[in-house]
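These notes concern the structure reproduced below.
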Amino acid sequence: MKLSPDNTVVAVLPFGVPLTLTVVTTWIVMAVAVLAALAITRRVGLAKASLIPSRGQIALEVILGMIEGQIAEISRRRPGRFLPFVGTLFLFIALSNLLLVIPGFVPPTASLSTTAALALAVLLAVPVFAVAERGIGGYLASYLQPNPIMLPFNLVGELTRTLALAVRLYGNVMSGTVIAAILIGLTPLFLPVVMDALGLITGMIQAYIFAVLAMVYIAAAVGPDPKPTAEEDQT
């Protein structure tokens with residue numbers, strides 16, 4: 001049994017570059033996301049004309065509202081600047097795991113290379129957001145807190161939490177996929193359906209955890225908002 005879609009070569013591109021199942025399924029997820037976004041935005045335009053929002057628009061607004069609420073709660077800042085990045089992480093992982101309902105589909109998140117790429121994106125996003133808010137000097141100074149002797153430990157912590165992000169998501173998704181495949185071979189009727197349902201729930205939880213942890217790391221680097229909103233002032 002192949003434990004990772006990285007091990008399956010679908011085709012060989014020019015110059016001997018292998019096209020793995022991970023790349024193919026990633027393209028599928030991106031294509032589904034783009035087509036769904038185009039369909040929803042098209043219906044939004046039609047809904048504005050009829051003053052009746054489509055179900056896709058309502059679902060998308062609910063999801064974005066939940067993500068905005070979590071970002072605001074974690075960062076104590078306005079969520080607008082963080083929503084595109086954190087929302088994209090959540091939607092990509094969630095959609096990848098949702099497509100498990102397709103027989104034979106192996107989500108790209110079952111590949112360590114995909115989860116590592118997502119974790120590296122978080123690793124790069126943390127200093128980008130922090131430098132934009134605090135400046136390069138303020139961000140680098142955070143590695144010397146609470147005293148300069150903590151510099152190597154803070155650097156190691158930055159790398160280990162990135163590794164933990166990648167391995168946690170990969171391990172949970174890959175294990176669920178393998179268990180479902182084994183059960184399909186042993187009992188090809190009722191039990192795999194239950195396992196797929198549990199896998200979908202676990203996949204959504206993993207997408208939520210990954211996005212929340214990414215926002216926690218960004219919020220810790222950016223720091224609290226020096227200009228609280230009017231709601232915070234009243235409290």
Side-chain angles (χ1 to χ4, degrees), residues 1-39 84-126 128 158-211 213-214 217:
M1 177 183 295
K2 295 182 179 181
L3 298 181
S4 171
D6 287 337
N7 298 326
T8 302
V9 178
V10 177
V12 178
L13 300 178
F15 305 104
V17 178
L19 180 63
T20 64
L21 184 60
T22 301
V23 177
V24 173
T25 53
T26 300
W27 287 350
I28 292 173
V29 172
M30 291 190 299
V32 171
V34 170
L35 292 175
L38 291 175
F85 178 72
V86 177
T88 299
L89 286 177
F90 173 79
L91 291 175
F92 175 80
I93 298 172
L95 184 57
S96 297
N97 297 334
L98 277 175
L99 292 180
L100 276 171
V101 297
I102 301 176
F105 182 84
V106 180
T109 45
S111 164
L112 185 58
S113 60
T114 299
T115 59
L118 294 173
L120 286 174
V122 175
L123 178 66
L124 295 176
V126 169
V128 168
E158 192 85 12
L159 296 176
T160 54
R161 74 184 186 188
T162 302
L163 177 63
L165 268 180
V167 174
R168 179 189 293 109
L169 179 60
Y170 163 72
N172 283 281
V173 176
M174 183 272 293
S175 60
T177 302
V178 172
I179 291 173
I182 293 174
L183 291 176
I184 287 174
L186 297 177
T187 55
L189 293 177
F190 178 71
L191 191 56
V193 176
V194 176
M195 290 303 301
D196 281 344
L198 293 176
L200 289 178
I201 296 174
T202 303
M204 296 304 100
I205 294 174
Q206 291 304 316
Y208 171 78
I209 292 174
F210 193 98
L213 288 177
Y217 299 155

If every non-hydrogen atom of [X] is compared with every non-hydrogen atom of [Y], which pair is closest and at what distance?
X     : Y      : value
Ser96 : Pro107 : O-CB, 3.4 Å
Ala94 : Ala207 : N-CB, 3.7 Å
Val86 : Ala211 : CG1-O, 3.8 Å
Asn97 : Gly203 : ND2-O, 3.1 Å

Exercise for the section: Using the test side chain to side chain contact (heavy atoms under 4.5 Å, CB included), find all partners of Leu35 that sit at least two apart in sequence or belong to another chain. Expected result: none
Practice task
Please list, chain by chain and in numerical order, all residues satisfying side chain to side chain contact (heavy atoms under 4.5 Å, CB included) with Leu19, sequence neighbours excluded.
Solution key: Ala11, Leu13, Val23, Val24, Trp27
Practice task
Quick one: do Leu118 and Tyr170 satisfy side-chain contact (heavy atoms from CB on, under 4.5 Å)? Show the steps, please.
Solution key: CA-CA 11 Å; Leu118 294 173; Tyr170 163 72; over 6 Å; no
Between [atom1] of [X] and [atom2] of [Y], what distance do you get to the nearest 0.5 Å?
X      : Y      : atom1 : atom2 : answer
Ile209 : Leu165 : CD1   : CG    : 10.5 Å
Met30  : Thr25  : CE    : OG1   : 9.5 Å
Phe92  : Thr114 : CZ    : OG1   : 6.0 Å
Ile93  : Thr88  : CD1   : OG1   : 10.5 Å

Minimum side-chain heavy-atom gap [X]-[Y] below 4.5 Å:
X      : Y      : answer
Leu123 : Tyr217 : no
Val122 : Leu213 : no
Glu158 : Val126 : yes

Exercise for the section: Could you walk me through whether Phe210 and Thr115 pass the side-chain contact (heavy atoms from CB on, under 4.5 Å) test, one step at a time? Expected result: CA-CA 10 Å; Phe210 193 98; Thr115 59; 5.8 Å; no
Problem - Ser113: partners by side-chain hydrogen bond (donor to acceptor under 3.5 Å, both in side chains), with sequence neighbours left out - result: Asp6, Ser111
